[in-house]
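Structure first, then comments.
What you see is a predicted model, and the numbers here were worked out from it, not measured in a lab. Atoms within a ligand are numbered from 1 in the order they appear, just like the ligands themselves. Nothing fancy with the numbering, it's 1 onward along the sequence.
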Amino acid sequence: MSFATDTDLARPLPSPNHGERRDGKRPDFLILHYTGMASAEAALARLTDPTAEVSAHYVVLEDGGIIQMVKEDRRAWHAGAARWQDESDLNSASIGIEIVNYGHDGNLPAYSQVQINSVIALCRDIITRNKIAAHRVLAHSDVAPARKRDPGEHFPWGTLHAAGVGHYVPPAPISGGRFLARGEQGQPVEALQAMLAIYGYGIEVNGTYDLATEQVVGAFQRHFRQERVDGVADTSTITTLRDLIASLPLTRG
Ligand SMILES: [Zn+2]
C-alpha cells in the first residue's frame, strides 16, 4: 500500500492511523512535534503501528530526509486533546510534522542544521499550498501545555521565522523587576491570562496564577522566550507577549 505524496520533498511510508477530517475542516494550522524516542526506527514503528493509534502527516529524519505517512486531506492523530482559540479539534484542523529528536527524555539534543533546513523547506511548501497563516504555525506544547513540551525550548523558532515560517518577535531581554508567579491573585494575573487567551492559548481567565497558568506561561516561554523556561511571568515574558499580540495581523482568520 503506497500513495502519491502531496509534495515532491517527501517519500511515502503509509501509516494506517488516520481518519476523516471532521465537520469539513481544512488544514488551517501546522503543528510541530519532536518524536521523543531514542531512535528514528522506534518512532517510525510506533507511528505506523495500528495498536498505537498515533500518526503524523510527515516525519523529518535527522539526516534531513522527509517521509509522508498520511495524506494531507486526511486527519492524522498527532495533537490529542488540544486547544487553540476556539478550535478544540486540532487534528481535524491541522497538518502535523514529527521531527526525529529524543527530546526532554534524552536531555534535549540539538537539532542539526540539515534537519532544520528540511523542516523549513517542508513547512514553506505546506504553508504555501494550504494558505496557513504564520501565527497558526504552532508547537504541540502551545496547544496542549499541560501535557506536552515538544518540540522543546531548543527548537529554533527564530531561524524558522527568518526563513518565512511562523510568527515571532525578538524576545525582550531578561532583567529584574516585577513578576507574577504561582499563587498570586488579582487584576494583573487576570490581565496576563487575558493576553495569553487573546494570543490563542487555551486558558481560563480567572485571576488566579494556578498550575494551568504556570503551564501556559511555560509553553509560551518554550516557543517565544527560550532563555528561561520557568512558568514565571517576568517582565521579559510579558513584554514579549505584548509585542507578539501587537504584531498580529489586524484581521485574524
Ligand atoms: Zn507532540
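The minimum heavy-atom distance between Glu72 and His57, with the atom names listed, is CA-CD2, 3.8 Å. When all heavy atoms of Pro145 and Ala219 are compared, the pair lying nearest together is CB-CB, 3.7 Å.
Here the N, O or S atom of Asp150 that is nearest to the Zn ion (ligand 1) is OD2. Of all the N, O or S atoms in His140, the one closest to the Zn ion (ligand 1) is ND1. The N, O or S atom of His33 lying closest to the Zn ion (ligand 1) is ND1.
No side-chain N or O of His140 forms a donor-acceptor pair with one of Glu98 less than 3.5 Å apart.
Counting non-hydrogen atoms of neighbouring residues, nucleotides and ligands closer than 6.0 angstrom, the CZ atom of Arg74 exceeds 12 such neighbours.
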